[in-house]
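Written below as structure tokens is the structure these notes are about.
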Amino acid sequence: MSDDSERDYCLIDATRPPRAEGPPYAECVQCRRPTEYPESYRGITLCPVCEWQEAQRTACSG
């Protein structure tokens, strides 16, 4: 098996925004709770709970 075994199974782009070193944090786009990402980040940000739930919904099965 190759070193890039994750790419062998799933083709979903799982890039993540940079983690914030401290407040202010960006709001989750689903539940409005604080995320682990900086407020200045532009894009879709999810809190850890919503991020986990989204990963469960979009996980590759096979």
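As the structure is a computational prediction, the values presented were derived from the model and not from experiment. Values below: all heavy atoms of this structure, side chains included; hydrogens, waters and symmetry mates excluded.
To the nearest 0.5 Å, atoms OH (Y37) and SG (C28) are separated by 10.0 Å.
Proximity of a side-chain donor or acceptor of T45 to a complementary backbone N or O of V29 within less than 3.5 Å is not detected.
Of all heavy-atom pairs between A26 and P38, the closest is CB-O, 3.5 Å. Contact detail for L46 and E54: the closest heavy-atom pair is CD1-CB, 4.1 Å.
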